[in-house]
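In what follows, chains are A, B, ... by sequence order, proteins preceding strands, each numbered from 1.
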2 protein chains.
Amino acid sequence: MYLLHLLYLVKNFHLEESRYALASKLYVAVDCIIFGFDDGELKILVFNRQVAPLKGMWSLIGSFVLINESAEAAGKRVLKDFTGLDDIFMEELKTYSDVARDSGARCISIGQYALIRLTEKNTNLAAKYGAKWFEVSKVPDLVLDHNQMVADGLQRLRNVAQFYPIGLELLPKKFTIPQLQKLYEEIFQKKMDTRNFRKKLLSLNILIQLDEKDKSGSKKGAFLYEFDYAKYRKLKNKGFSFSLFKV
Amino acid sequence: MYLLHLLYLVKNFHLEESRYALASKLYVAVDCIIFGFDDGELKILVFNRQVAPLKGMWSLIGSFVLINESAEAAGKRVLKDFTGLDDIFMEELKTYSDVARDSGARCISIGQYALIRLTEKNTNLAAKYGAKWFEVSKVPDLVLDHNQMVADGLQRLRNVAQFYPIGLELLPKKFTIPQLQKLYEEIFQKKMDTRNFRKKLLSLNILIQLDEKDKSGSKKGAFLYEFDYAKYRKLKNKGFSFSLFKV
DNA sequence: ACAAAAGTGTTATTACTACACCCATGA
DNA sequence: TCATGGGTGTAGTAATAACACTTTTGT
């Protein structure tokens, strides 16, 4: 195995143009900050390493970026492997490249944050891989600089959610207005007025009210809504900005 | 030279822990999207390659990330080398990691955007390195995915400038209100009303009016102001947001 | 019948937009 | 004296924030 790898390095080295000759190559990884919203709480998926090295420590899930894939593809691959889900909202957060961040080897990591719709199915899936959902304020000590990644991811989520409707990526496709309000209250750690929230939200005209009600939250039941992506995209192109409250 | 590099690879390979054995290393570069504001125009510093490969082509300036420096340090190093300036505003934009983005070798690049205060001194410096300032709408064809980087950088500048006073990084430390307004009009491609702009700006209470006037723009002269960073930081910690107009 | 969450209107305050003229000065 | 850009105020409109009660329904 070692020999094969070495041969690969040698072969590759000869193929490269001279302008690369002086540069060093680095390990490049992706790490995923996966957010979920469940039980009225914003949570992050953390992973308990079941193999050495760092066995037993909590960590974000990640992977090296392979030679034949982009960082985005690597992120999607990781998400698929550990949640079973395709088609997840994922965006680059930032890179982590401190020289000493990984004591094992010089390795930079591209942090990506992802928002997933929590259902029983994928919470179970997470458990299968030794993963666990932690409330954002109760994330344990993680390996390397992963706690920093979580902090940065949370801040980014807040910044982006203020102006883009990405919060909806955390809710089921059909959701109620009280659910959405709770989500925003949780993201921004701030109570909001029900009447003002509804009024502002509905005035944006990007929700479709359905005929169904969700009765899981109350006896009366709350109307379900869907997000009108097509309409939102049209408005966005005209310079419209989704914003549920003053910054 | 080749032999030395090869020996380095071999040596390094043995030092690495087994968990890295299967991963490939990649070239990691930084590329800088350098913005400047001069002559009432928002400009980008572009570099004409004077050596092979890609001799004669326009390109952003960049460098490989060396084994003993962070990406941020690499960016600062590049800025220092090509502008002679320390202490420049620089922030990570995003990574570019398409497999085929660089035909020479598998290489990812971390785009960083920087804002510099243009003065005669550093415009000259740029010229020395075969660099040239282009108005953002007139940037020529660049190598690789650098035009994409410019487009992304510009969009990011707009997004960030809407809510943070980074525009001030493009002006001299002492600046006039008409200068600032022109800058914003240029960034957002939008004429603004002088009275409303002033009123809003001054109501934020983060500018210090000086006793000097700048007479370069008119016979009457315009009062110079300084940004009150300390005050801004205090306000920001309290949740204040710098925003000069509705989104 | 009552507990628990859903849903609804009005008013005061604040922020925004639109708009036109005088001022100071150097040439 | 005149051309040039700097500087100022007001009024109409729109957005926001503060506030409490009724409705529905399962138990």
Is a donor-acceptor pair below 3.5 Å formed from side chain [X] to base [N], judging by atom type as modelled?
X: Lys219(A); N: dT24(D); value: no
X: Lys220(B); N: dA24(C); value: no
X: Lys213(A); N: dT25(D); value: no

Donor-acceptor contact below 3.5 Å, side chain Gln181(B) vs main chain Met192(B):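 Present.
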Candidate nucleotides dC19(D), dA5(C), dT8(D), ranked by approach to the side chain of Thr194(B) - the nearest: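 Closest nucleotide among those given: dT8(D).
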Candidates dG7(C), dG7(D), dC16(C) - which lies nearest the side chain of Phe223(B):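 Ranking dG7(C), dG7(D), dC16(C) by closest atom to the Phe223(B) side chain puts dG7(D) first.
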Distance (rounded to the nearest 0.5 Å) between Arg117(A) CZ and Leu170(A) CG: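 So the gap between those two atoms works out to 8.5 Å.
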Rounded interatomic separation in angstrom, taking CZ from Arg195(A) and C1' from dT23(D): 15 Å
Separation of dT17(C) P from Phe197(B) CZ (nearest whole Å): 13 Å
Residue met sooner reading DNA chain C from 5', once Asp193(A) and Gly217(A) are mapped to nucleotides: Gly217(A)
Sugar-phosphate, base or nothing in reach of Lys215(A), heavy atoms under 4.0 Å: sugar-phosphate
Minimal non-hydrogen separation, Leu180(B) against Leu168(B), with atom names: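 The pair with the smallest heavy-atom distance is CD1-CD2, 3.7 Å.
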